[in-house]
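Below: one structure, written as structure tokens.
Quick note: residue numbers are just sequence positions, from 1.
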Amino acid sequence: MAVHKLTDWELEEEPYVLIAIHSTSEPYRMAYFINKYLEIGFSRTAVDQDILQQAYTANYPVYKHFDEEQNAPFYLIPNKYWGVSNQEKVSLGLFDNEEEAQVKTILIKEYGTVDFLLKIEKDPDFFPVKKLINALGEIPQVISVYPVDTFKIKQQDYLIFE
């Protein structure tokens, strides 16, 4: 049987904007504050972003909004979240209560200090990034906001939400 190979075939990446948000709020509260101050409608998706590593398993909540005016989906996801350790469970108590060990995980390790990532699936040349960053900066619970250089991210697969 003959083997056929596709050579010089590359997947075309969809352009997107990625914005870093620093805040001490929980993910559901950050989605609420963005909805309230920017008057948009983030809602939690039915499927979480599951990250399976050797040391842990984490289920990051994903919030989605489709902007009709820009014709682009927006995704809000925490960069730091709790995961469950995959290490053997250790019984430390008198009654052999085995509890799953919670570990703090980071989705995009290159930006470990960032609390939330806002992904807009739109070409940055045709999207008002500065206007959105200024509006996000006006939210009282947001400490700082800035665009992220997506070329520094090694695990871009973690940012595919559908």
Can you list the residues that meet the salt bridge (Lys or Arg N to Asp or Glu O under 4.0 Å) rule with Lys122, with sequence neighbours excluded?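 Partners of Lys122 under the salt bridge (Lys or Arg N to Asp or Glu O under 4.0 Å) test: none.
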
Can you give me the closest heavy-atom contact between [X] and [Y], atom names plus distance?
X      : Y      : value
Pro147 : Ile133 : CD-CD1, 3.4 Å
Thr45  : Val47  : OG1-O, 2.8 Å
Tyr16  : Glu121 : CB-CA, 4.0 Å
Pro61  : Pro78  : O-CD, 3.2 Å

Does one hydrophobic cluster hold both [X] and [Y], with members joined at side-chain heavy-atom distances below 4.5 Å?
X      : Y      : answer
Phe66  : Tyr63  : no
Ile153 : Val145 : no
Phe42  : Val17  : yes
Ile108 : Val114 : yes
Ile120 : Val148 : no

Rounded to the nearest 0.5 Å, what separation is found between the [atom1] atom of [X] and the [atom2] atom of [Y]?
X      : Y      : atom1 : atom2 : answer
Leu132 : Asp67  : CG    : CG    : 9.5 Å
Tyr75  : Leu118 : OH    : CG    : 11.5 Å
Asp115 : Ile21  : CG    : CD1   : 9.5 Å
Thr150 : Leu117 : OG1   : CG    : 11.5 Å

Ring pair (Phe, Tyr, Trp, His ring centres under 6.0 Å) partners of Tyr60, counting only residues at least two apart: Tyr81

Listed by chain and number, what are the ring pair (Phe, Tyr, Trp, His ring centres under 6.0 Å) partners of Tyr111, not counting sequence neighbours?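 Per chain and number, Tyr111 pairs via ring pair (Phe, Tyr, Trp, His ring centres under 6.0 Å) with no residue.
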
For residues 23-32, which side-chain N or O atoms pair as donor and acceptor with protein atoms under 3.5 Å away, sequence neighbours left out?
from	atom 1	to	atom 2	distance (Å)
Ser23	OG	Ser25	N	3.2
Ser23	OG	Ser25	OG	3.3
Ser23	OG	Gln141	O	2.8

Any pair with a residue in residues 113-152 that passes ring-ring contact (aromatic ring centres under 6.0 Å, His included), sequence neighbours left out, goes on the list, sorted by first then second residue, please. His22-Tyr146, Phe74-Phe127

Determine whether Val142 and Ile34 make a side-chain contact, defined as any pair of heavy atoms from C-beta on separated by less than 4.5 Å. no

Other residues, nucleotides and ligands only: do more than 12 of their heavy atoms fall within 6.0 Å of NZ on Lys152? no

With sequence neighbours excluded, what pairs up with Asn59 under the side chain to side chain donor-acceptor pair (under 3.5 Å) test?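 With neighbours one apart ignored, the set is empty.
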
